[in-house]
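Written below as C-alpha cells is the structure these notes are about.
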Amino acid sequence: MATKTTNRNWKGRLALVSLSLFIFSSCIKEEKVVVNSSNAVISLTIPHFPSMEMESDKLITRERAELGEDLFFDPILSRNFDISCSSCHLTNLAFTDGLKVSVGTEGRMHNRNSPTLFNVGWHPYFFMDGGNPSLESQVIGPIEEHREMDLPFTEAIARVAADANYNEKFQRVFDLPVSAYTLSLALATYERTLVSYRSAFDEYYYYGDTLALTNQEKRGLALFKSEALSCVSCHQFPLTTDFSFQNNGLYEDYTADPGRARVTNNLAEHEGKFKVAMLRNIALTGPYMHDGSLSTLSEVIDHYASGGSQHPLKSDLIKGFTISADDKAALIAFLESLTDTVSYKKVY
Ligand code: HEC
Ligand code: HEC
C-alpha cells in the first residue's frame with residue numbers, strides 16, 4: 001500500500017484554514033486582529049467542514065485550550081493519580097489507545113474501544129450510544145467511571161482547586177475559581193482544538209490536487225462511494241460520518257453491549273445500533289468497532305463483504321458484496337489516505 005509517501009506539496013495551502021484571531025473583548029468595537037495574543041478568540045473555520053457550533057461562553061481561546069491541555073495530560077483527575085485522559089487517548093494514535101478495549105485505573109477493563117478525539121467538536125452527542133449531550137458534560141464520564149479514572153467529580157474539583165498553580169491559572173483564564181463549570185469548559189475547549197482536515201483525500205477531493213491520490217487510492221474512493229459497497233451512505237463526507245445510529249451487522253446477539261438501547265432501553269428499535277464511526281485517521285486507530293473485535297482494515301472489509309450477522313435491526317445497506325483482492329487493496333489504500341499528516345498539530 002505504501003506506494004506514495006512523498007511528493008505531497010503542502011506549500012501554499014496554509015490558507016486552507018483561517019484561524020482568525022481577534023481580541024477577546026467585551027467591547028465588540030475594539031475588535032482587532034492580533035496574532036499570538038494569549039486571550040484572543042480562535043475561530044476554527046475549515047472551508048470544507050460545517051461550522052463548529054458552540055455557545056457564546058464556550059469560545060476557544062489559547063489560554064483556555066492550554067489549561068485544558070494541562071488537565072488532559074495530568075493524572076490528578078484519577079483516584080490513584082495513575083492515569084490521565086491521554087492514557088487512553090494518545091496523541092500519536094489520533095487520540096486512541098491501540099487496545100481492543102481500554103484499560104482504566106487498577107487494570108480495570110472497559111467494554112469499549114477508545115475512539116478518536118479528532119473533530120469531536122463537530123459531534124452532536126457523545127459516546128458510541130450517544131448517551132451524553134455535550135463535550136462539557138462528557139468530561140464527568142471518564143473521571144467518575146469505575147473502569148476509567150474512578151474519582152468523584154466533586155473530589156476532582158477539590159483536588160484541582162487545592163493546587164496553587166491550577167488555582168492561579170483558572171483565576172487568570174476564566175476570572176473564576178476552579179468549579180464544575182470551569183474545569184469541564186477547559187477540557188472541552190482543548191478537545192475542540194483537536195481538528196483533522198488535511199489528509200491526501202482532502203487535497204484531492206476538496207482542493208483539486210489531482211496528484212494527491214494515487215490511481216489505486218482513487219479506485220478505492222470510487223469503491224467506497226459505489227452503490228454495491230455503500231460505505232459513503234453512512235460514512236458521509238466531509239466528516240466521514242453522518243452521526244446516525246446504525247446496526248452494521250456485527251453480531252446476532254448484542255447482550256454484551258446493546259449500543260443505543262443502553263440509553264433508550266428500547267431494544268426493539270435500538271439494539272446493536274452504534275454511532276457511525278469517523279474514518280479520518282482510520283489507519284492509526286485500530287483495532288476497530290465498538291469492542292475492538294476486528295483487528296485490521298482487511299478484517300473490516302471482510303465483515304462488510306460477508307453481509308454481517310443476521311439481526312432484525314441490521315441496516316439494509318449492509319447487504320454483502322463480492323470484492324477482488326485487487327479492489328480490496330485499493331479500498332484499504334483509500335482508507336489509509338484519510339490519515340492526516342499535516343493538521344496533526346496544535347491550532348493555537
Ligand atoms: C480508561 C481509558 C479512558 C480514559 C482515562 C479516558 N477515556 Fe475517553 N473514552 C474511552 C472509551 C473506551 C470511550 C468510549 C466510551 C463509549 O463510547 O461509551 C471514550 C470516549 C470519549 C469521548 C467520546 C467520543 C465520541 O466519539 O463520542 C470523549 C470526548 C472522551 N472520551 C474524552 C475523554 C476525556 C476528556 C478524558 C479525561 C477526562 C477521557 N476521555 C479519559 C476511554 C478513556
Ligand atoms: C449502515 C451504515 C454503515 C455502512 C453502509 C458502512 N458502515 Fe462502517 N460503520 C458503521 C457503524 C455504525 C460503525 C461503528 C460500529 C461499532 O462501533 O460497532 C462503523 C464502523 C466502521 C469502521 C471501524 C471504525 C472504528 O473506528 O472502529 C470502519 C473501518 C468502517 N466502518 C468502514 C466501512 C466501510 C469500508 C464500509 C463500506 C464497505 C462501511 N463502513 C459501510 C456504519 C456503516
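We count ligands from 1, going down the list as the structure has it; atoms in each ligand are counted the same way.
Closest heavy-atom approach to atom 16 (C) of ligand 1 among the candidates F127, F118, Y125: F127. The option from K275, M289, E299 that lies nearest to atom 27 (O) of ligand 2, judged by heavy atoms, is M289.
When hydrogens are left out, the protein atom nearest atom 2 (C) of ligand 1 is C88 SG, 1.9 Å; that is the closest non-hydrogen contact. Ranking the protein heavy atoms by distance from atom 17 (O) of ligand 2 puts H290 N, 2.9 Å first. For atom 26 (O) of ligand 2, the nearest protein heavy atom (residue, atom name, distance) is I282 CD1, 3.7 Å. In terms of protein heavy-atom proximity, atom 5 (C) of ligand 2 is closest to S230 O, 3.4 Å. Nearest to atom 12 (C) of ligand 2 among the protein's heavy atoms is F274 O, 3.3 Å.
Geometrically, R280 does not engage Y197 in a cation-pi contact defined by less than 6.0 Å to the ring centre and at most 45° from the axis.
Nearest approach of T193 to L44, heavy atoms of both residues: CA-CD1, 4.3 Å.
Under 4.0 angstrom from ligand 1, the non-hydrogen atoms of P142 all belong to its side chain. Residue-level proximity to ligand 1 for T105 is absent, since no heavy atom of it falls below 4.0 angstrom.
Taking every non-hydrogen atom of Y288 and a distance limit under 4.0 Å, the qualifying atoms of ligand 2 come out as 23 (C), 25 (C), 27 (O).
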- Task: Start with the C-alpha gap between Y288 and I282, add the side-chain angles, then the distance that decides, and say whether side chain to side chain contact (heavy atoms under 4.5 Å, CB included) holds.
- Result: CA-CA 9 Å; Y288 303 107; I282 194 71; 3.5 Å; yes
- Message: Could you go through L213 and Y205, starting from their C-alpha distance and side-chain angles, then the distance that decides it, and tell me whether this counts as side chain to side chain contact (heavy atoms under 4.5 Å, CB included)?
- Response: CA-CA 9 Å; L213 292 189; Y205 201 72; over 6 Å; no
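Heavy-atom separations between P115 and ligand 1 include at least one value shorter than 4.0 Å.
More than 12 heavy atoms of other residues, nucleotides or ligands lie within 6.0 Å of CG in D57, so this atom counts as buried by the packing criterion.
Listing protein N, O or S atoms at distances below 2.8 Å from atom 8 (Fe) of ligand 2, with waters left out, gives H235 NE2, Y304 OH.
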